[in-house]
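Have a look at the structure below before the remarks.
Read the numbers this way: they start at 1 and go in the same order the structure lists the ligands and their atoms.
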Amino acid sequence: MEQAKIVVVGAGPAGIATAVEAKEAGIAPVVLFEKRDHACDTIVSLYHKGKRVDPVFRKIKLEPVGRLSFETETREQFLERMDKVIKDYNLDIRYSSDVRKIVIGPESFRVVATSGFEMEAPIVVISIGVFGKPVKPNYPIPKEVRDRVFFSMPQDPVKGKKILVVGGGDSAAETVCFLSENNDVTLSYRRPEFFRLNPINTRELEKRTSCGKVQLKMATDISALDKQGEKVLVHLNDGQTLSFDAVFYCLGGSTPRAFLESLGVKFKDNRPVTNEFGETNIPRLFLAGDILRGKGSIMAAFNSGKMVVDGIMKHYKELVKG
Ligand SMILES: Cc1cc2nc3c(=O)[nH]c(=O)nc-3n(C[C@H](O)[C@H](O)[C@H](O)COP(=O)(O)OP(=O)(O)OC[C@H]3O[C@@H](n4cnc5c(N)ncnc54)[C@H](O)[C@@H]3O)c2cc1C
């Protein structure tokens with residue numbers, strides 16, 4: 001069986017940063033397993049074309065602590081940046097390798113991909129993010145409207161529709177701004193005010209609201225969805241009903257808890273328990289990026305790669321060097 005010093009599961013910003021920091025620390029071989037046939041799938045699949053990628057996300061500005069950083073740029077420029085990092089650092093990414101099983105041995109882990117491909121390593125870093133599992137509302141989505149309800153941007157452009165976007169974070173605001181170019185868009189948010197939008201999204205949303213391109217429905221709670229002919233009928237808690245051609249939910253993602261618990265990772269207050277380096281209760285099994293905090297940003301993911309490698313070098317240098 002192939003052997004590595006570190007196996008990183010998931011080649012998003014956190015996984016790539018971990019591999020870069022490991023290489024900079026002189027650790028080799030480092031191998032990444034990525035379930036898609038490309039890196040950074042959250043950015044490829046969930047960011048709309050031309051989306052602005054902001055280092056300040058969820059109103060949090062982080063200074064870079066490691067090798068990777070970026071300034072505001074488009075989705076395409078960011079993906080080019082990451083491709084260049086992969087090439088420059090000659091990262092060994094095994095694509096189309098969806099990891100569902102990690103066997104814990106006394107001195108090493110055996111990481112198994114659904115393709116059957118396996119690798120052994122003393123250290124494993126899991127950086128699979130949270131967007132494989134989008135947060136869904138707590139009411140059912142009737143099967144008759146499922147083809148009109150979305151948790152990510154559809155591949156085909158959406159034009160001339162009456163659309164409801166549900167959520168109040170930066171990704172909801174960006175989805176509204178993007179869709180409002182060619183559609184009649186309403187945003188429903190359960191709070192009376194936005195509290196964590198970055199200033200650019202706040203400005204863009206205000207611009208579109210003041211010229212009537214976007215309607216805001218603040219402090220609204222949806223209780224149910226129904227089919228109404230070709231439309232989706234949205235029931236609000238206050239008794240109002242509204243009808244739309246499509247509904248987009250932008251509620252974030254959720255930690256793949258079942259997968260982590262199947263490995264024996266302990267949870268407290270709904271979060272995996274880790275030390276300051278992201279190491280779980282299972283020695284030598286680390287978490288990096290969104291999966292560590294539940295919510296995050298690209299800069300936080302980059303920084304967590306550095307933090308994990310600092311922890312590996314502090315506690316397990318003899319296992320990964322030489
Ligand atoms: C619509 C939207 C807009 C956003 N805009 C911004 C922004 O402007 N600025 C910002 O800083 N942040 C933004 N974010 C948040 C940012 O995308 C995340 O915080 C960041 O991508 C987290 O990086 P990560 O590496 O932890 O996880 P991810 O980026 O989710 O990467 C995880 C990787 O692991 C792979 N993977 C998953 N499961 C497996 C498995 N079992 N085996 C192997 N591989 C697997 C995935 O395919 C993926 O490539 C946005 C998020 C969304 C959804």
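Of all atoms in ligand 1, numbered sequentially from 1 with element shown, those under 4.0 Å from a heavy atom of Ser97 are 42 (N), 43 (C). Atoms of ligand 1 found under 4.0 Å from any heavy atom of Asp290 (numbered from 1 in listed order, with element): 18 (C), 19 (O), 20 (C), 22 (C), 26 (O). The contact set between ligand 1 and Phe33, taken as ligand atoms under 4.0 Å from a residue heavy atom, comprises 43 (C), 44 (N). Those atoms of ligand 1 with a heavy atom of Asp98 less than 4.0 angstrom away are 40 (C), 41 (N), 42 (N). Close contacts of ligand 1 with Val9, meaning ligand atoms under 4.0 Å from a residue heavy atom, involve 42 (N), 43 (C). The atoms of ligand 1 that sit less than 4.0 Å from any heavy atom of Ala301 are 23 (O). Residue-ligand proximity, Ser297 to ligand 1, at heavy-atom distances under 4.0 Å covers atoms 11 (O), 12 (N), 19 (O). For ligand 1, the atoms sitting less than 4.0 Å from at least one non-hydrogen atom of Gly129 are 27 (O), 30 (O), 32 (C), numbered in the order shown with element in parentheses.
In this structure, Leu46 is part of the shell of residues with a heavy atom less than 4.0 angstrom from ligand 1. Ligand 1 lies out of reach of Gly132, whose nearest heavy atom is not under 4.0 Å from it. Using a non-hydrogen distance threshold of 4.0 Å, Arg58 does not register as a contact of ligand 1. Contact analysis leaves Ala300 out of contact with ligand 1, as no non-hydrogen atom separation drops below 4.0 angstrom.
For Lys51, every heavy-atom contact with ligand 1 shorter than 4.0 Å involves the side chain, none the backbone. When non-hydrogen atoms are compared, ligand 1 lies under 4.0 Å from neither the backbone nor the side chain of Ile16. Contacts of Cys250 with ligand 1, taken as heavy-atom pairs under 4.0 Å, are absent altogether.
Of all protein heavy atoms, the one lying nearest to atom 43 (C) of ligand 1 is Lys35 N, 3.3 Å. The protein atom (non-hydrogen) at minimum distance from atom 9 (N) of ligand 1 is Asp54 O, 2.7 Å. Scanning the protein for heavy atoms near atom 7 (C) of ligand 1, the closest one is Phe57 CD1, 3.4 Å. Scanning the protein for heavy atoms near atom 11 (O) of ligand 1, the closest one is Ile298 N, 2.9 Å. Nearest non-hydrogen protein atom to atom 39 (C) of ligand 1 is Ile128 CG2, 3.4 Å. Regarding atom 28 (P) of ligand 1, its nearest protein heavy-atom neighbour is Thr42 OG1, 3.4 Å. In terms of protein heavy atoms, atom 34 (O) of ligand 1 is closest to Gly10 CA, 3.3 Å.
Arg81 forms no cation-pi arrangement with Phe70, by the criterion of a distance under 6.0 Å to the ring centre and an angle within 45° of the ring axis. Relative to the six-membered ring of Phe178, Lys51 misses at least one condition, a distance below 6.0 Å or an angle of at most 45° to the axis.
At a 3.5 angstrom cut-off on N or O pairs, Val99 counts as close to ligand 1. Where the criterion is an N or O separation shorter than 3.5 Å, residue side chain and backbone included, Pro55 fails it with respect to ligand 1. Looking at ligand 1, you won't find any N or O of His38 less than 3.5 Å from one of its N or O atoms. The distance criterion of under 3.5 Å between nitrogen or oxygen atoms is not met by Ser171 with respect to ligand 1. For ligand 1, the polar-atom distance check against Ala14 finds a nitrogen or oxygen pair separated by under 3.5 Å.
For Arg94, the salt bridge (charged side-chain N to carboxylate O under 4.0 Å, His left out) test picks out Glu2, Asp92, with sequence neighbours left out.
Nearest to atom 4 (C) of ligand 1 by heavy-atom distance, out of Phe131, Tyr47, Phe259, is Tyr47. The option with the heavy atom closest to atom 46 (C) of ligand 1, from among Glu34, Arg36, Arg52, is Glu34. Among Pro13, Gly289, Gly12, the residue whose heavy atom lies nearest to atom 23 (O) of ligand 1 is Pro13.
Side chain to side chain, Ser96 and Asp37 fail the donor-acceptor criterion of an N or O pair below 3.5 Å.
There is a path of hydrophobic side-chain contacts, each under 4.5 Å, that joins Val158 to Val176. A continuous path of Ile, Leu, Val, Met, Phe, Trp and Tyr side chains, each step under 4.5 Å between heavy atoms, connects Leu260 with Val99, placing both in one hydrophobic cluster. Val103 and Phe117 fall into different hydrophobic clusters, where Ile, Leu, Val, Met, Phe, Trp and Tyr side chains are chained together by heavy-atom contacts under 4.5 Å. Clustering ILVMFWY residues whenever any of their side-chain heavy atoms sit less than 4.5 angstrom apart, transitively, puts Ile282 in the very cluster that holds Val320.
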Run the side-chain donor-acceptor check on residues 289-299: report pairs under 3.5 Å with partners two or more places apart or on a different chain.
unit_1 : atom_1 : unit_2 : atom_2 : d
Asp290 : OD1    : Gly296 : N      : 3.4
Ser297 : OG     : Ala300 : N      : 3.1

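A salt bridge is defined here as a Lys NZ or Arg NE, NH1 or NH2 lying under 4.0 Å from an Asp or Glu carboxylate O, and Asp269 with Arg271 fails to meet this definition. Residues Lys231 and Asp245 are paired through a salt bridge, judged by an N-O separation under 4.0 Å between the basic side chain and the carboxylate.
For Phe286 and Phe277, the gap between ring centers reaches or exceeds 6.0 Å. Checked against a 6.0 Å centroid threshold, the rings of Phe78 and Tyr47 do not count as neighbours.
Put simply, the side chain of Glu73 never gets that close to the backbone of Val53: no donor and acceptor are under 3.5 Å apart. With hydrogens and angles disregarded, a donor-acceptor distance shorter than 3.5 Å links the side chain of Arg146 to the backbone of Ile141.
Taking OH from Tyr249 and OG from Ser188, the interatomic distance works out to 8.5 Å, rounded to the nearest 0.5 Å.
Test Thr175, Thr202, Asn201 against Asp170 for side-chain hydrogen bond (donor to acceptor under 3.5 Å, both in side chains) and you get one pass: Asn201.
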